[in-house]
A.B. asks: 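I have a structure I would like to understand better, so I am pasting it below and will then ask my questions one at a time.
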Amino acid sequence: MRCNNKKGYIITPNIDHLARLAEVPSGRKLRDLYFSATLSLCDSRILEFILKAHGCRLPGVVTGSDLTARLFRDEIKKEDKVYILGGDAETLEKISSRFPYIDIAHHNPSMGFINKTEEVKDVVANIVDSHSNYVFLAVGSPQQEIIASKLMSEERFDGLAFCIGASMLFLAGSEKRAPHWMQRLRLEWLYRLMQNPKRMAMRYFNNALKLPFINRQIAIHLRQNAES
């Protein structure tokens, strides 16, 4: 996936993202951000299972962490410029030590920055001014999708923005992926829950409550597409 002065943004939706879209009325505002993406990759084997149940076949699951690792390992070259939004200095140091040949610019915005108009403007301006052709937005959803959308409205931006959530933590080795057997059995969520129960328990519980709504909305969307 080489960047040849063609700007765009890539999203990696999972159940957590779709649960957020199910919220009313905030979810309605977010849908345009997802439908406007240049490319959407399924980040969840649970989501893949639901889609398959409705007869929708996917080429495969591409998680944000797998995508990020592949880009850093195989695609990004010495002549490329990379910008990472999000993550602390320790995370950046670990990534830089793994990939010392990559020119990386980094900024970690303040907590709740997305609600601070001037800081958002500064963040977008800094990314544009960096002339980076690979921009990794690791500030969580929907903050990263909002920033990606704003970058698209900037005439001088000509890179690719990747909405990849916590992927930088995996790239740095600060967090571990689930064993492959758990991934194959769609149990990666359980592994993450065991790793960090305080942070993940309520999120997964809320997502589980919204699964019927998500399933229904997917069915409606696929049916409408088939009829159009």
Side-chain angles (χ1 to χ4, degrees), residues 10-35 37 40-54 56 58 60-69 85-88 91 108-115 137-148 162-222:
I10 295 169
I11 60 173
T12 53
N14 54 34
I15 294 297
D16 190 52
H17 296 154
L18 294 188
R20 195 172 291 107
L21 292 177
E23 297 174 2
V24 177
S26 60
R28 294 171 183 170
K29 298 178 181 179
L30 297 177
R31 288 174 191 171
D32 288 343
L33 299 178
Y34 286 84
F35 283 117
S40 179
L41 301 171
C42 179
D43 182 85
S44 165
R45 286 176 173 79
I46 301 296
L47 177 56
E48 178 194 36
F49 177 81
I50 295 174
L51 289 168
K52 282 185 176 180
H54 290 286
C56 181
L58 299 177
V61 172
V62 181
T63 66
S65 51
D66 285 339
L67 174 63
T68 300
L85 181 68
D88 57 24
T91 299
N108 191 20
S110 68
M111 186 70 68
F113 82 99
I114 204 68
N115 298 314
L137 304 174
V139 289
S141 179
Q143 293 81 210
Q144 56 200 22
E145 289 82 10
I146 293 172
I147 295 298
F162 299 85
C163 301
I164 43 76
S167 296
M168 290 301 160
L169 295 175
F170 294 108
L171 186 66
S174 302
E175 291 191 13
K176 303 295 183 183
R177 293 289 306 277
H180 288 297
W181 70 267
M182 293 191 77
Q183 295 181 37
R184 289 194 301 269
L185 292 175
R186 300 186 173 91
L187 293 174
E188 189 160 10
W189 64 270
L190 179 59
Y191 183 83
R192 295 196 69 190
L193 177 62
M194 292 187 298
Q195 294 285 94
N196 198 335
K198 288 184 179 180
R199 185 166 68 89
M200 306 304 295
M202 187 54 66
R203 177 191 297 185
Y204 287 148
F205 177 74
N206 289 332
N207 289 351
L209 292 179
K210 292 173 182 173
L211 278 175
F213 179 86
I214 291 171
N215 180 66
R216 187 163 61 251
Q217 289 299 108
I218 288 174
I220 293 172
H221 179 70
L222 292 175

A.B. asks: For the atom pair CZ (R216) and CD1 (I218), what is the distance rounded to the nearest 0.5 Å?
C.D. replies: 11.5 Å
A.B. asks: Rounded to the nearest 0.5 Å, how far apart are CG of L18 and CG of L30?
C.D. replies: 11.5 Å
A.B. asks: What residues, two or more places apart in sequence or in another chain, satisfy salt bridge (Lys or Arg N to Asp or Glu O under 4.0 Å) together with K52?
C.D. replies: E48
A.B. asks: With no hydrogens and no angle check, do the side chains of N108 and D88 hold a donor and an acceptor under 3.5 Å apart?
C.D. replies: no
A.B. asks: Is N215 close to H54 at the side-chain level, that is, under 4.5 Å between some pair of heavy atoms?
C.D. replies: yes
A.B. asks: State, with a plain yes or no, whether a side-chain heavy atom of Y191 is found less than 4.5 Å away from one of K176.
C.D. replies: yes
A.B. asks: How close do R31 and L21 get, heavy atom to heavy atom, and via which atoms?
C.D. replies: NH2-O, 3.5 Å
A.B. asks: Sequence neighbours excluded, which residues qualify as salt bridge (Lys or Arg N to Asp or Glu O under 4.0 Å) partners of R177?
C.D. replies: D66, E188
A.B. asks: Given 3.5 Å as the limit, does a donor-acceptor pair link the side chain of D43 with the main chain of G64, or not?
C.D. replies: yes
A.B. asks: Taking all non-hydrogen atoms of both residues into account, name the closest pair between N14 and L47 and its distance.
C.D. replies: CA-CD2, 4.4 Å
A.B. asks: About how many Å separate CD1 of I11 and OG of S40, when rounded to the nearest 0.5 Å?
C.D. replies: 3.5 Å
A.B. asks: Considering non-hydrogen atoms only, spot the tightest contact between V62 and T12 and give its length.
C.D. replies: O-CG2, 4.4 Å
A.B. asks: The criterion is side chain to side chain contact (heavy atoms under 4.5 Å, CB included); which residues satisfy it with H221, sequence neighbours excluded?
C.D. replies: F35, N225
A.B. asks: Are more than 12 heavy atoms from other residues, nucleotides or ligands located less than 6.0 Å from atom CE of M111?
C.D. replies: no
A.B. asks: Show every donor-acceptor pair shorter than 3.5 Å between a side-chain atom in residues 198-205 and any protein atom, with sequence neighbours excluded, or say none if there are none.
C.D. replies:
none

A.B. asks: Within this structure, what is the NZ-CG distance for the pair K210 and D16, rounded to the nearest 0.5 Å?
C.D. replies: 8.5 Å
A.B. asks: So, does S167 use its side chain to make a donor-acceptor pair with the main chain of S65 at under 3.5 Å?
C.D. replies: yes
A.B. asks: Please find the pair of heavy atoms, one from R192 and one from A166, that lie closest to each other, and give the distance.
C.D. replies: NH2-CB, 4.5 Å
A.B. asks: With a 3.5 Å distance limit and no angle check, can you tell me whether S44 reaches the backbone of P13 through a side-chain donor-acceptor pair?
C.D. replies: no
A.B. asks: Can you name the nearest heavy-atom pair linking P109 to L85, along with the distance?
C.D. replies: CD-CD1, 3.7 Å
A.B. asks: Would you indicate whether the side-chain heavy atoms of F162 and L67 approach each other to under 4.5 Å?
C.D. replies: yes
A.B. asks: Go through the structure and list residues passing side chain to side chain contact (heavy atoms under 4.5 Å, CB included) with S174, not counting sequence neighbours.
C.D. replies: T91, K94, L169, A172
A.B. asks: Please name the pair of heavy atoms, one in I164 and one in A138, separated by the smallest distance, quoted to 0.1 Å.
C.D. replies: CD1-CB, 3.7 Å
A.B. asks: Side chains of residues 139-147: which donor-acceptor partners sit under 3.5 Å, not counting sequence neighbours?
C.D. replies:
{"unit_1": "S141", "atom_1": "OG", "unit_2": "R20", "atom_2": "NH1", "d": "3.1"}
{"unit_1": "S141", "atom_1": "OG", "unit_2": "Y34", "atom_2": "OH", "d": "2.9"}
{"unit_1": "S141", "atom_1": "OG", "unit_2": "E145", "atom_2": "OE1", "d": "3.1"}
{"unit_1": "Q143", "atom_1": "NE2", "unit_2": "V139", "atom_2": "O", "d": "3.0"}
{"unit_1": "Q143", "atom_1": "NE2", "unit_2": "G140", "atom_2": "O", "d": "3.1"}
{"unit_1": "Q144", "atom_1": "OE1", "unit_2": "G140", "atom_2": "N", "d": "3.1"}
{"unit_1": "Q144", "atom_1": "OE1", "unit_2": "G165", "atom_2": "N", "d": "3.1"}

